[in-house]
Amino acid sequence: VQLQASGGGLVQAGGSLRISCAASGSTFSTYYMGWFRQAPGKERELVARINWSGSVTSYAGSVEGRFTISRDNAKNSVHLQMNSLRPEDTAVYYCAASSRWTVVTTLYEYWGQGTQVTVSS
């Protein structure tokens with residue numbers, strides 16, 4: 001599976017942004033998908049994940065209620081809708097695919113190249 005993230009940009013605090021990840025390959029629907037982020041000087045962290053069908057999602061506490069992950073298996077894509085953005089959400093955001101329902105970063109087998117999200121105060 002090859003992943004390509006897009007949609008990042010600069011937004012003011014309190015604003016919204018939707019980032020997307022396009023996947024190649026016919027097996028996309030068999031993978032669990034996650035969105036990670038990495039800020040300068042910090043470890044990469046999982047912010048949201050979604051199961052095969054999109055019926056189950058999970059979020060980090062710092063984004064719960066503000067971010068929504070979704071997927072469209074017919075279009076081989078996964079999205080992250082980010083609302084009420086804060087300066088501390090500034091990071092490079094990565095989509096990733098795993099054959100396991102996991103929070104362990106190293107168990108995500110495929111990674112997109114990342115898209116920068118910058119939230120100004």
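A quick note: this is a predicted structure, and the numbers were derived from the prediction, not measured. These values consider heavy atoms only, across backbone and side chains, with no hydrogens, waters or symmetry-generated copies.
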Q | Partner set under salt bridge (charged side-chain N to carboxylate O under 4.0 Å, His left out) for Arg37, not counting sequence neighbours | A | Glu45, Asp89

**Q.** Enclosure of Trp52 CH2 (heavy-atom neighbours >12, cutoff 6.0 Å)
**A.** no

(Q) Using a 3.5 Å distance criterion without hydrogens, assess whether the side chain of Asn73 forms a donor-acceptor pair with backbone atoms of Ser53. (A) no

**Q.** Distance in Å, Thr68 OG1 paired with Met82 CE, rounded so as to fall on 0.5 Å steps
**A.** 11.0 Å

Q.
Tell me the closest heavy-atom pair linking Val117 and Ile19, and the distance in Å.
A. CG2-CG2, 4.2 Å

Q | Stepwise ring-ring contact (aromatic ring centres under 6.0 Å, His included) check, Phe36 with Tyr108 | A | CA-CA 10 Å; Phe36 291 76; Tyr108 281 78; 4.9 Å; yes

Q: Can you see which heavy atom on Ile69 is nearest to which on Trp35, and at what distance?
A: CD1-CD1, 3.6 Å

(Q) On the six-membered ring of Tyr59, is Arg66 placed so that its NZ or CZ lies under 6.0 angstrom from the centre and within 45° of the ring axis? (A) no

Q: Would you please say whether a donor-acceptor pair under 3.5 Å links the side chains of Ser6 and Gln4?
A: no

Q | Residue from Asn51, Leu3, Val1, Leu80 passing side chain to side chain contact (heavy atoms under 4.5 Å, CB included) with Met33 | A | Leu3

Q | Inter-residue atom distance Tyr93.OH - Ser20.OG, 0.5 Å rounding | A | 14.0 Å

Q) In terms of hydrophobic clustering (I, L, V, M, F, W, Y; side-chain heavy atoms under 4.5 Å; direct or indirect links), are Phe67 and Leu46 co-clustered? A) no

Q. What's the spacing between Arg71 CZ and His79 NE2 if we round to 0.5 Å?
A. 10.5 Å

Q. Is the distance between the ring centroids of Tyr110 and Tyr31 less than 6.0 Å?
A. yes

**Q.** From Arg18 atom CZ to Ser70 atom OG, the distance as rounded to the nearest 0.5 Å
**A.** 5.5 Å

**Q.** Atom CD of Gln2: over 12 foreign heavy atoms under 6.0 Å
**A.** no

Q. If you measure from OH on Tyr94 to CH2 on Trp111, what distance do you get to the nearest 0.5 Å?
A. 8.5 Å

Q) What's the shortest heavy-atom distance between Arg100 and Leu107, and which atoms? A) NH1-CD1, 3.9 Å

Q: Any chance you could measure Asp72, atom CG, to Ser29, atom OG, to the nearest 0.5 Å?
A: 11.0 Å

**Q.** Single-linkage hydrophobic cluster Val63~Leu85, side-chain heavy atoms < 4.5 angstrom
**A.** yes

Q.
Which heavy atom of Ala13 sits nearest to which heavy atom of Ser121, and what is that distance?
A. CB-CA, 4.3 Å

Q.
How close do Thr90 and Gln116 get, counting heavy atoms only, and between which atoms?
A. CG2-NE2, 4.0 Å

